[in-house]
*Asks:* 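Before I ask anything, let me first share the structure, which is written out below as structure tokens.
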There are 2 protein chains.
Amino acid sequence: MVDEAAFPRPILTIDVILLTLGAEGLRVGLISRAGAPYAGRLALIGGYVHLEEDSDAEAAARRIVAAKAGLAHVFLEQLQTFSGRARDPRGWSATVAYYGLCPPGDLEGAKDVIFRSADNPGPLAFDHAEILAAALARLRGKGAYSTLPAFLLPPTFTLSQLHDAYERAMGQPINESAFRRKISELDILERVDGAFSRATARPAMLYRLRARTVQAFDRRI
Amino acid sequence: MVDEAAFPRPILTIDVILLTLGAEGLRVGLISRAGAPYAGRLALIGGYVHLEEDSDAEAAARRIVAAKAGLAHVFLEQLQTFSGRARDPRGWSATVAYYGLCPPGDLEGAKDVIFRSADNPGPLAFDHAEILAAALARLRGKGAYSTLPAFLLPPTFTLSQLHDAYERAMGQPINESAFRRKISELDILERVDGAFSRATARPAMLYRLRARTVQAFDRRI
DNA sequence: AGAATAGTGTCTCTCAGACAATATAGG
DNA sequence: CCTATATTGTCTGAGAGACACTATTCT
């Protein structure tokens, strides 16, 4: 890093790929763009960094998700930075992309957010389709050997729900007994008092994650 | 991304963690800083984005590595963006970090670059120690299930050299016969005519990577 | 009792690590 | 032949998938 402070500075933005679980699989939260460019197009939840307010890019992402989707607590992880002269007609820009995972129940207050199938969201503004695809690839890659999919669930959940979250996040079936075996061997969950009861079936034990952060495993789940 | 073009723009830089293989393990290429801040301290190879010249951040990274380390062809992959108010005394900044892998032989022309043990490089400028640690973690994590360590070798190599590169990159022993078995099953290498001959031992067959890009595996190597 | 979901036990096949055995060069 | 490195073969234990079986609640 050499001192050449006179260089023109590029535009720096933040984009959040907000993902949640729907009945059919992953869903992504989008916002309809008010102004040009791409007015009326759906876009990822994004904004500028506020230098006085935001201590770093992740703080900016949290502020933006809170402001635009009304979400106070989201699991956020940096995905990648997308940059270049071509991606925004206003000029050379860079956006630091974060993916955010949250349980479906937390999305009541997200009035302006439109949820679409993550795998088939329709046309998006800028290079957001590419960014979304990268987020899905990361989630599916990392989900196979980490607790990432658990952050798509509420704080307490049953093993069946966890299994379901893994299957829906990964988009492929996972052997159930092997899943239970591995989860219990990995010792990443702890029992919570009470049980989750459905309409017409046996109630299941409730668990929560032992750690609040993502845990990666040696082998895939 | 809302239009608020009036916002002050943060400083955006690029940093490259240039890694290569030494006898003792991984080595990182550093440059002694000429000016303030951190004058005289060792720092990662970095610089500003040139908006007219660089089509995107990776192009900027390539230009910077070519200019400061004299390397025309390096394997580069984006690591992460580090940002915040505190990391640079000159103000809120963001740096897009790339790690670069290259074979030891390519480093003849890198006059200004100082190589240090990657695991113990001594004090570095800015938050570069943290960035380097993240690069090593990524290389070791991803190296276990990809062809990443092969990019620390010249274009053609023997299986023993590849095995050695994996062990040195990962910092831990790898069972040799299992390694050979997995490599051959994965079908990522192809034979090259000729053989590599040492002083006083059996010459070994030469291989090269089938694909020019990193290949990830299902299971760890 | 029967339906529906939760949870367990077990069999088999594959794969990874350990390590022995064999191969091929130079001295 | 001896040494050093390369390469292959085999044995064994752990783990993953398949799937049947048991458990518990509600109607």
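Residue numbers begin at 1 in each chain, while the letters A, B, ... track the order of the sequences.
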*Asks:* Rounded to the Å, how far apart are Asp218(B) CG and dT14(C) C1'?
*Replies:*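 Spelled out: CG on Asp218(B) to C1' on dT14(C) is 14 Å.
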*Asks:* Whole-Å distance between dA6(D) C1' and Phe157(B) CZ?
*Replies:* 16 Å
*Asks:* On DNA chain C, compare the nucleotides closest to Arg202(B) and Glu185(B); which residue's is nearer the 5' end?
*Replies:*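 It is Glu185(B) whose nearest nucleotide is closer to the 5' end.
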*Asks:* One thing to verify: whether Asp112(B) and Lys68(B) come together as a salt bridge, which I'm taking to mean a side-chain N less than 4.0 angstrom from a carboxylate O.
*Replies:*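 Result for this pair is no, no salt bridge flagged.
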*Asks:* Decide, yes or no, whether a salt bridge links Arg63(B) with Asp54(B) under the criterion of side-chain N to carboxylate O below 4.0 Å.
*Replies:* yes
*Asks:* How many Å lie between CZ on Phe217(B) and C1' on dC15(C), as a whole number?
*Replies:* 16 Å
*Asks:* With a 4.0 Å limit, can you tell me whether Asn175(A) has a side-chain N or O closer than that to the phosphate oxygens OP1/OP2 of dA18(D)?
*Replies:*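 For dA18(D), OP1 or OP2 has a side-chain N or O of Asn175(A) closer than 4.0 Å.
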*Asks:* On DNA chain C, nearest-nucleotide positions of Pro203(A) versus Ala178(A): which is more 5'?
*Replies:*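 Nearest nucleotide further toward 5': that of Pro203(A).
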*Asks:* Nearest whole Å is fine: how far is dA4(D) C1' from Phe196(B) CZ?
*Replies:*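 Between C1' of dA4(D) and CZ of Phe196(B): 14 Å.
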*Asks:* May I ask you to say what Glu176(A) touches in the nucleic acid, namely base, sugar-phosphate or nothing, with a heavy-atom cut-off under 4.0 Å?
*Replies:*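 Counting heavy atoms under 4.0 Å across all strands, no contact is made by Glu176(A).
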*Asks:* Checking side-chain polar atoms at under 3.5 Å, does Glu77(B) have a donor or acceptor matched by the opposite partner on Tyr98(B)?
*Replies:*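 Absent: no donor and acceptor within the cut-off.
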*Asks:* Within the structure shown, what part of the strands sits under 4.0 Å from Arg181(B) by heavy-atom distance: base, sugar-phosphate, or nothing?
*Replies:* base
*Asks:* State whether Ser160(B) places a side-chain N or O below 4.0 Å from either non-bridging phosphate oxygen (OP1 or OP2) of dA6(D).
*Replies:* yes
*Asks:* Nearest-nucleotide wise, let me know which of Arg219(B) and Gln161(B) is further upstream toward the 5' end of DNA chain D.
*Replies:*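 Looking at the nearest nucleotide for each, Gln161(B) comes out on the 5' side.
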*Asks:* Without hydrogens or angle criteria, can the side chains of Ser83(A) and Asp56(B) be said to hold a donor-acceptor pair below 3.5 Å?
*Replies:* no
*Asks:* How long is the line joining CG of Leu189(A) and C1' of dG7(C), in whole Å?
*Replies:* 15 Å
*Asks:* What is the distance, rounded to the nearest whole Å, between atom CG of Asp164(A) and atom C1' of dA6(C)?
*Replies:* 14 Å
*Asks:* Do Ser177(A) side-chain and dA18(D) base share a donor-acceptor contact under 3.5 Å?
*Replies:* yes
*Asks:* Starting at NZ of Lys182(B) and ending at C1' of dA18(C), how long is that distance when rounded to a whole Å?
*Replies:*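 Going from NZ in Lys182(B) over to C1' in dA18(C) covers 13 Å.
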*Asks:* Between the side chains of Ser117(A) and Arg27(A), does any donor sit under 3.5 Å from an acceptor?
*Replies:* no
*Asks:* Are any of Arg180(B)'s side-chain N or O atoms less than 4.0 Å away from OP1 or OP2 of dT7(D)?
*Replies:*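 Yes, Arg180(B) has a side-chain N/O under 4.0 Å of OP1/OP2 on dT7(D).
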*Asks:* Start at the 5' end of DNA chain D and walk down; is the nucleotide closest to Ala201(A) or to Ile174(A) reached first?
*Replies:* Ile174(A)
